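Here is the structure we will look at, set down as structure tokens.
This is a predicted model, so every value here is computed, not measured.
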Amino acid sequence: MASEYRCVGCGFRVKSLFIQYSPGNIRLMKCGNCKEVADEYIECERMIIFIDLVLHRPKVYRHVLYNEINQETVNIQHLLWKLVFAYLLLDSYRSLLLRGTNEHSSLVLVTVKVLVDVLSTNLAFLFSFAIAAKGLLHEVSRKREILLGILISSYFKMFLLAMLVWEFPVSVIFIIDMLVLTSNSMALKVMTESTTSRCIAVCLIAHTVRFLVGQIIEPTTFFTQFGSLVYLSSLFRIL
């Protein structure tokens, strides 16, 4: 997300990642700091990159956030708006899943409730995240870049779409939320180069505020998640 690339190993700035001699014939550049290949993920398949993202490996986060999404190759502004739209759309679906099938209100009323829920919780998340980042990380610049990193690292929300096909207990949504939190923390650590504990604290504060605001709007959400989580844990004990 910067004009310069980064070494995925140490985070040092590099001018180029590879030299292309002919189509399909490239030579990977080495980092001037650690003397290792600056970005070995250039030659990796998308599936390997996705698996390493799920495993929360810092190297692949640097590859995606700095080298894959770079101002020289991607229109950051257009990508940001697309991600905001996708994020809000997935959050709307999440809100509908938490309300369950027992909602007997009209379609218009349900739509209004979902919009209020999504907009309120996400605004609370943004404000609390900004305050926590300023207080714990002293991060006041690169607001757009950090927001883009948080949106990208929330890719676990895509797993909500699996509930369109298969029936899962509502506790799965809670598990996805936890994975989003840990992924956001890793992205924040890579972008700010701060300590892991501080990055987790910032994301935990923001997600907690978001959760509490959601409970004010829809108080039954917590009890639904808690009950299904207890049910899921009892199944694991039986197995």
Side-chain angles (χ1 to χ4, degrees), residues 1-8 11-14 17 38-39 41-42 44 46 49-50 52-94 118-119 121-161 176-196 198-207 209-210:
M1 291 179 291
S3 57
E4 292 184 346
Y5 299 104
R6 298 289 184 96
C7 170
V8 298
F12 193 74
R13 296 177 184 271
V14 294
L17 301 173
D39 191 349
Y41 285 102
I42 293 176
C44 292
R46 296 290 182 182
I49 294 175
F50 179 74
D52 280 1
L53 280 172
V54 174
L55 295 176
H56 288 26
R57 292 182 175 173
K59 286 186 175 183
V60 73
Y61 275 80
R62 290 193 184 98
H63 166 76
V64 173
L65 296 176
Y66 287 112
N67 301 337
E68 188 73 20
I69 302 175
N70 192 280
Q71 289 182 1
E72 296 181 357
T73 57
V74 177
N75 189 320
I76 302 297
Q77 194 68 28
H78 288 175
L79 178 63
L80 181 60
W81 283 112
K82 289 179 180 179
L83 288 174
V84 168
F85 177 76
Y87 185 93
L88 294 177
L89 194 64
L90 288 172
D91 248 18
S92 300
Y93 179 58
R94 175 185 177 278
V118 172
L119 293 178
T121 53
N122 282 290
L123 284 175
F125 175 83
L126 286 176
F127 280 116
S128 56
F129 182 87
I131 294 172
K134 183 178 180 180
L136 294 176
L137 305 179
H138 307 290
E139 184 63 53
V140 294
S141 60
R142 300 188 301 140
K143 296 179 181 178
R144 187 182 67 170
E145 287 79 4
I146 290 179
L147 174 60
L148 185 58
I150 293 298
L151 290 173
I152 293 173
S153 61
S154 299
Y155 59 87
F156 275 106
K157 287 181 178 289
M158 293 188 301
F159 288 101
L160 291 170
L161 298 177
I176 291 176
D177 289 343
M178 294 299 297
L179 291 173
V180 170
L181 189 155
T182 56
S183 182
N184 289 164
S185 303
M186 178 57 68
L188 189 61
K189 174 179 171 59
V190 167
M191 289 184 293
T192 62
E193 298 183 357
S194 183
T195 60
T196 303
R198 286 179 178 269
C199 293
I200 292 176
V202 170
C203 293
L204 184 60
I205 290 172
H207 281 274
V209 171
R210 182 181 186 276

Please tell me if the side chains of Leu65 and Leu148 come closer than 4.5 Å, counting only heavy atoms from C-beta onward.
no
Heavy-atom closest pair (Val190 atom, Pro58 atom, distance to 0.1 Å) is CG2-O, 4.0 Å
CG on Leu79 to CD1 on Ile152, rounded to 0.5 Å
5.5 Å
Atom CZ in Arg62, atom CZ in Arg57: separation rounded to 0.5 Å?
14.0 Å
Interatomic spacing from CD1 in Ile69 to CG in Leu83 - rounded to 0.5 Å
7.0 Å
Quick one: do the Asp52 and Tyr41 side chains pair a donor with an acceptor below 3.5 Å?
yes
Within this structure, what is the CZ-NZ distance for the pair Phe129 and Lys143, rounded to the nearest 0.5 Å?
12.0 Å
Could you go through Tyr155 and Val64, starting from their C-alpha distance and side-chain angles, then the distance that decides it, and tell me whether this counts as side chain to side chain contact (heavy atoms under 4.5 Å, CB included)?
CA-CA 12 Å; Tyr155 59 87; Val64 173; over 6 Å; no
Any donor-acceptor pair under 3.5 Å from Ser183 side chain to Leu179 backbone
no
On the 0 to 90° scale, with breaks at 30° and 60°, tag the Tyr61-His56 ring pair as parallel, tilted or perpendicular.
perpendicular
Please walk me through it: do Val54 and Phe156 pass side chain to side chain contact (heavy atoms under 4.5 Å, CB included)?
CA-CA 8 Å; Val54 174; Phe156 275 106; 4.2 Å; yes
d(Ile176 CD1, Arg94 CZ) to nearest 0.5 Å is 9.5 Å
Heavy-atom pair with the smallest gap, counting every atom of Val14 and Cys7
CG2-N, 4.2 Å
Is a side-chain N or O of Ser194 found less than 3.5 angstrom from the main chain of Cys199, in a donor-acceptor match?
no
So which of Leu136, Leu188, Thr192 actually passes side chain to side chain contact (heavy atoms under 4.5 Å, CB included) with Arg198?
Leu136
Given side chains that start at C-beta, do those of Leu126 and Leu147 come closer than 4.5 Å, heavy atoms only?
yes
Roughly how far apart are Ser128 OG and Ile205 CD1, rounded to 0.5 Å?
8.0 Å
Please enumerate all residues that pass salt bridge (charged side-chain N to carboxylate O under 4.0 Å, His left out) together with Asp91, with sequence neighbours excluded.
Lys157, Arg210
Would a distance-only check, ignoring hydrogens and angles, find a side-chain to backbone donor-acceptor pair under 3.5 Å from Asp39 to Arg6?
no
On a heavy-atom basis, the closest approach of Ile150 and Met191 is N-CE, 4.4 Å
State whether a side-chain donor-acceptor pair under 3.5 Å links Asn184 with His207.
yes
